[in-house]
Protein chains: 2
Amino acid sequence: MTTTVKAAAPRRTRIQTEKRELILEAALEVFSANGFRGATIDQIAEAAGMSKPNLLYYFHRKEDIHETLIQRLLDTWLAPLRELDDIGDPLTELRSYIRRKLEMARDFPRESRLFANEILQGAPRIMPLIEGELKTLVDDKVAVIKGWMRAGRIMHTDPYHLIFSIWATTQHYADFDVQVRAVLGPDRGSDGRFEDAARFLEQLFIEGLRPKPE
Amino acid sequence: MTTTVKAAAPRRTRIQTEKRELILEAALEVFSANGFRGATIDQIAEAAGMSKPNLLYYFHRKEDIHETLIQRLLDTWLAPLRELDDIGDPLTELRSYIRRKLEMARDFPRESRLFANEILQGAPRIMPLIEGELKTLVDDKVAVIKGWMRAGRIMHTDPYHLIFSIWATTQHYADFDVQVRAVLGPDRGSDGRFEDAARFLEQLFIEGLRPKPE
DNA sequence: GAAAATTTTGACCGGATGGACAAACGTTAG
DNA sequence: CTAACGTTTGTCCATCCGGTCAAAATTTTC
């Protein structure tokens, strides 16, 4: 009963589960700040409060840590888009999608940067996921958006580029955080920045910039 | 006459000028694809068609190459924003700014990625430039945009976030190119992608998504 | 509480990488 | 022709880094 022939889930002790989690947390910090190549096992080990050989007891190779991290990431990352639903008002749906995505940039900036780092370098380690899972999901949601357009419920434009623009604008606040902060100055704290951004993006996507006739 | 007391521009032979240019071109390729840490002097030397010690004859340290590259980059990079002008129709001005910025993403993707890499890692090497030159320019243009808003010539929103959103959406096509390509599929070549993007962004920024009443 | 299994550590290895250097090789000016 | 200067190369070094290994320390199991 406890043994299966194929791909049994690795049996893990309490310590293994805890330590692996500790390592992944530390690795997220280090990878997102330095990229895969820029991060060293020693750095991760130190951030996790253990020796390098000890870390390598839990993850045999540096790449294994990275891979685990990325695999988890993508689920979290695509969750907001998965929620985009055909029922309800299209503009409201899109507005909430933008808000959710912006909240992810605020609450998980390290995950965003990890992803950005990976894509920037040509996605060497996650190309299959991009071409598979991600593309499928996008195609799916594009169909929904096209439906809205055909019904005249939102403007008629390119749905792919609409999704890209939402990704770009929201992730910008995580990936380019230092630049945003430097330009805005220290006046507004993190909360204020994201409030302003949310307000702005909502208006941009719904109304655009052309002034309404009185 | 040929000697000045302070900081004389380095006197360079013809060969030096040529070879330095060759190295910078090669380094742009390698740095933008691998990040600073991920790039090796050997790779750059090979891409430039010379031996490592020979390369080090022209640039003493890896960082020197990177620094030179980044310094040049910022000028090119901010040129489109510099052109944003108070004269002329605001919507037209913004439209051309977006188009120019998108053209830069298309024509100089390596520069875009070099910049993105640097910011992603916390801008360790160019923080002063961001807080100085870049911020000053942005503040300047924000004033212009605010004028337009006060005059009711464009919608009233946050001008800083407007600029961020233009940066984000346009640079996305350079920095996340592999993802964009993977999602769109191979149907449309580079030209088609950028045409579609330009059309979409123009509509988004000017009109937004809310359908016009008939 | 002893045997078995798991976890931790220190020492070590081989290859990559940034950089130094002196010697050799051109090139040019007098 | 040759001295001076600029350019190129082969060799070498120290450090870093990913990863191994055997032995010690600890925890779990019976």
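Naming: A, B, ... by sequence-line order, numbering from 1 per chain. As the structure is a computational prediction, the values presented were derived from the model and not from experiment.
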Options [options], nucleotide nearest the side-chain atoms of [X]:
X	options	result
B:K52	D:dG18, C:dT8, C:dG19	C:dG19
A:P53	C:dT9, D:dT7, C:dT6	C:dT9
A:T40	D:dC21, D:dG18, C:dA20	D:dG18
A:I41	D:dT9, C:dT8, D:dG18	D:dG18

* Would you call the rings of A:W167 and A:F164 parallel, tilted or perpendicular, where under 30° means parallel and over 60° means perpendicular? -> tilted
* Which of parallel (below 30°), tilted (30 to 60°) and perpendicular (above 60°) describes A:F31 and A:H66? -> perpendicular
* Name the nucleic acid region contacted by B:A45, choosing base, sugar-phosphate or nothing; use a 4.0 angstrom heavy-atom cut-off, strictly under. =>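 No contact.
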* **Cation-pi, B:Y173 ring and B:R193 (6.0 angstrom, 45 degrees)** =>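 Verdict for B:Y173: no cation-pi partner in B:R193.
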* Say whether B:Y160 and B:D139, considering side chains only, have a donor N or O and an acceptor N or O under 3.5 Å apart. => yes
* Asked: Do A:D64 and A:Y58 have side-chain atoms, one donor and one acceptor, less than 3.5 Å apart?
  ->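 No.
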Is any side-chain nitrogen or oxygen of [X] closer than 4.0 Å to OP1 or OP2 of [N]?
X	N	result
A:Q16	C:dT7	yes
A:S51	C:dT8	no
B:N54	D:dT9	yes
B:R37	D:dC16	no

Measure [atom1]/[X] against [atom2]/[N] and give the value in whole Å, please.
X	N	atom1	atom2	result
B:R61	D:dT15	CZ	P	18 Å
A:D64	D:dG19	CG	P	8 Å
B:K19	D:dT9	NZ	C1'	12 Å
B:I44	C:dT17	CD1	C1'	12 Å
B:Y57	C:dA24	OH	P	18 Å
A:M50	C:dT9	CE	C1'	13 Å
B:K62	C:dA20	NZ	P	14 Å
A:F59	D:dC17	CZ	P	21 Å

